[in-house]
**Student:** 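Got a structure here, written out as C-alpha cells. Questions coming.
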Amino acid sequence: MKRKKGKIAIFILIILFSYVILDNRYTLIFLQQLKAKHELAVSGGDSLYQEIVAKAKEYEIPPENAEIHRVWKKTPGYNGRSVDIDASYKRMKKKGSFDPKLLVFKQIPPSVHLSDLPNEAIYRGHPDKPMVSFLINVAWGNEYIPKMLAVLKKHHVKATFFLEGRWVKENPELAKMIVESGHEIGNHSYSHPDMARLPSARIRQEMEETNKIIKATTGKNVKWFAPPSGSFRKEVVDIAADMNMETIMWSVDTIDWQKPRPETLINRVMSKIHNGAMILMHPTSSTAESLDSLIKKIKEKNLSIGSLSSLLDEKRLD
C-alpha cells in the first residue's frame, strides 16, 4: 500500500512540474527559440538565407597550388575562398536583404604548398596576390640605412634585409637596429663571393658562418638565402635547402648600384611592377632618396608592401 501511495505521489509531482515548466513564459520562449533554430538548420532558413546559399557560388574562388613555373620557377600557392553561409546570414539579417559587401568568407588552402616542391630558386610571389616585397641586400652603404629605416617606418612598411655575414660582424649595432625596427633578416653569404664558382664545402661554410653571426648578433634564425649578384648553380640551392633556407632571387631590379637619379629608379620599378613582385635594392643614395615616393606610387596601384614571408604566404588579402 505504501508503495502504491509513493508512485501516486511521484506521478502528481511530475504533472505539477510539467505544468510549471510549460506555463512559464520564459521557458516557452526558450523552447520556441530552439525550435526556430532547428527549423532554420533543417529547412535552410528564410528566403534571405536561401538567397545567400544560391548566390554563394558566384563569389567563391578555388585555391591555387604552388608550382614550378617554366619561367618563374618555384612559385607559392594562394588560398581560395568560400562563403561562410551562417556568418553571412547573421550579418545580413538585420538589413533584411542580400548585400555582397556583407558576405563573410572562409579561406581554403591549396593542396600543394611551397614546401612540397623540389629545390628551385624563388623569383616572385603568387601572381594573384596584390602585394610586393622589398629585398634589400646589405654589404655596404651604412650611411643610407638609418634614412631608409625612417622612411619604411613612416609608411608602416616591413622589408626583408639580406645581410652579409662579414658586414654583421663589423656592424652589429646596425644589424640590431634593422631587427628592432621589425624587419625580416636573410642570409647574403659571409664574404660576398661568386657562389656559382665555389666548391661545395665553401658554399656551405659561407652560409653557415653567416647564419651563426646573425643568430649571435640579433637572435634571429634565417630561412632565406640571396646569392650575391644573383650568381648560383643548382648545388647552391640544394645546400641552402639542406640548411632549411629557400634561395631568393627577384623579379624587379632597381639597379640602384649604378646610382641612377631618383626619378629614373622610380620609373624603372613602376614600369615593371606586378602582383607578387620581389624588388631588389641596396642601401644607396638613389634608393634612400627615392624610397618615399616609390612607396607612395606602389600603394597608389593598390598593392600592399610586406616582408618576403608575408608575400610568399598563401593567405589571401581580400
Side-chain angles (χ1 to χ4, degrees), residues 18-67 75-114 124-134 152-158 182 270 273-277 294-318:
S18 300
Y19 174 80
V20 170
I21 290 295
L22 293 176
D23 195 50
N24 188 312
R25 65 189 185 92
Y26 296 108
T27 302
L28 288 174
I29 291 172
F30 174 71
L31 293 173
Q32 288 169 355
Q33 288 174 341
L34 284 179
K35 182 181 178 183
K37 286 182 180 179
H38 176 71
E39 289 176 350
L40 181 63
V42 173
S43 67
D46 56 23
S47 59
L48 174 58
Y49 190 97
Q50 292 168 357
E51 185 178 5
I52 295 170
V53 171
K55 292 182 176 179
K57 291 284 184 186
E58 300 174 23
Y59 299 92
E60 292 180 354
I61 300 174
E64 296 281 345
N65 285 333
E67 64 169 351
T75 303
Y78 198 40
N79 286 352
R81 71 179 191 189
S82 64
V83 175
D84 186 325
I85 303 294
D86 292 334
S88 298
Y89 175 75
K90 187 175 180 180
R91 288 186 71 186
M92 293 183 205
K93 189 175 181 181
K94 188 174 182 180
K95 184 177 181 180
S97 61
F98 182 85
D99 184 348
K101 294 179 181 178
L102 297 179
L103 285 170
V104 178
F105 296 101
K106 296 185 288 187
Q107 298 208 18
I108 308 170
S111 56
V112 180
H113 310 284
L114 205 60
R124 66 169 186 178
H126 195 279
D128 290 341
K129 188 165 186 173
M131 176 184 274
V132 305
S133 188
F134 293 152
L152 292 170
K153 181 179 180 180
K154 171 186 172 183
H155 292 283
H156 308 288
V157 167
K158 300 303 180 187
M270 297 311 298
I273 201 75
H274 59 86
N275 282 0
L294 182 61
I295 291 172
K296 290 175 182 176
K297 287 185 177 295
I298 290 173
K299 289 186 174 182
E300 286 170 3
K301 292 279 188 180
N302 294 319
L303 293 169
S304 61
I305 308 170
S307 68
L308 185 60
S309 290
S310 296
L311 179 68
L312 300 182
D313 190 271
E314 295 165 349
K315 184 179 180 181
R316 297 189 68 84
L317 299 183
D318 57 356

**Student:** Rounded at 0.5 Å granularity, tell me how far CG in Leu294 sits from CE in Met270.
**Tutor:**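 These two atoms lie 7.0 Å from each other.
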**Student:** Report yes or no: does Ser88 contribute a side-chain atom to a donor-acceptor pair with the main-chain N or O of Val104 at less than 3.5 Å?
**Tutor:**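 Here the side-chain-to-backbone pair exists.
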**Student:** Check the orientation of Phe105 and Tyr59. Use parallel for under 30°, tilted for 30 to 60°, and perpendicular for over 60°.
**Tutor:**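 Rings of Phe105 and Tyr59: tilted, as their planes differ by 30° to 60°.
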**Student:** For the pair Arg124 and Leu311, evaluate side-chain contact (heavy atoms from CB on, under 4.5 Å) and give the outcome as yes or no after the intermediate values.
**Tutor:** CA-CA 9 Å; Arg124 66 169 186 178; Leu311 179 68; over 6 Å; no
**Student:** Measuring from Lys55:NZ to Gln50:CD, what's the distance to the nearest 0.5 Å?
**Tutor:** 13.0 Å
**Student:** Could you go through the side-chain contact (heavy atoms from CB on, under 4.5 Å) check for Leu102 and Lys94 one step at a time?
**Tutor:** CA-CA 11 Å; Leu102 297 179; Lys94 188 174 182 180; over 6 Å; no
**Student:** What do you reckon, is NZ of Lys93 surrounded by more than 12 foreign heavy atoms closer than 6.0 Å?
**Tutor:** no
**Student:** What are the two closest heavy atoms between Lys315 and Lys129, and how far apart are they?
**Tutor:**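 Scanning both residues, the minimum pair turns out to be O-NZ, 3.3 Å.
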**Student:** Are there over 12 heavy-atom neighbours, none belonging to Lys297, within less than 6.0 Å of that residue's NZ?
**Tutor:**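 No, not enclosed.
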**Student:** Which distance, rounded to the nearest 0.5 Å, do you find between the OH of Tyr78 and the CG of Asn275?
**Tutor:** 8.0 Å
**Student:** Determine whether a donor-acceptor pair (N or O, by modelled atom type, separation under 3.5 Å) exists between the side chain of Ser133 and the backbone of Leu308.
**Tutor:**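 Between the backbone of Leu308 and the side chain of Ser133 there is a qualifying donor-acceptor contact (under 3.5 Å).
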**Student:** If every non-hydrogen atom of Gly77 is compared with every non-hydrogen atom of Pro110, which pair is closest and at what distance?
**Tutor:** CA-CG, 4.4 Å
**Student:** Considering non-hydrogen atoms only, spot the tightest contact between Ser111 and Asn65 and give its length.
**Tutor:** N-OD1, 2.9 Å
**Student:** Specify the closest pair of heavy atoms between Asn302 and Pro130, including all atoms of both residues, with the distance to one decimal.
**Tutor:**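 The pair with the smallest heavy-atom distance is O-CB, 4.0 Å.
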**Student:** Please find the pair of heavy atoms, one from Lys106 and one from Val83, that lie closest to each other, and give the distance.
**Tutor:** CE-O, 4.4 Å
**Student:** Could you tell me whether the side chain of Thr75 reaches within less than 4.5 Å of the side chain of Pro127, counting heavy atoms only?
**Tutor:**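 Yes, side chains in contact.
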**Student:** Using side-chain heavy atoms (C-beta onward) and a distance below 4.5 Å, is Val157 in contact with Lys299?
**Tutor:** yes
**Student:** Would you give the length of the straight line joining atom CG of Asp128 to atom CD1 of Ile61, rounded to the nearest 0.5 angstrom?
**Tutor:** 8.5 Å
**Student:** In Å, rounded to the nearest 0.5 Å, how long is the span from NZ of Lys90 to CD1 of Ile52?
**Tutor:** 13.0 Å
**Student:** Would Ser310 and Met131 count as a side-chain contact (heavy atoms from CB on, under 4.5 Å) here? Give the steps.
**Tutor:** CA-CA 9 Å; Ser310 296; Met131 176 184 274; 4.0 Å; yes
**Student:** Distance check, rounded to the nearest 0.5 Å: Leu114 atom CG versus Asp313 atom CG?
**Tutor:**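 Here the rounded value is 10.5 Å.
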**Student:** Is there a side-chain contact (heavy atoms from CB on, under 4.5 Å) between Met92 and Glu51? Walk through the geometry before answering.
**Tutor:** CA-CA 11 Å; Met92 293 183 205; Glu51 185 178 5; over 6 Å; no
**Student:** Quick one: are Asn79 and Pro109 in side-chain contact, heavy atoms under 4.5 Å?
**Tutor:**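 Side-chain contact under 4.5 Å: yes.
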**Student:** If you measure from the Lys or Arg side-chain nitrogens to the Asp or Glu carboxylate oxygens, is any gap between Asp99 and Lys101 under 4.0 Å?
**Tutor:** no
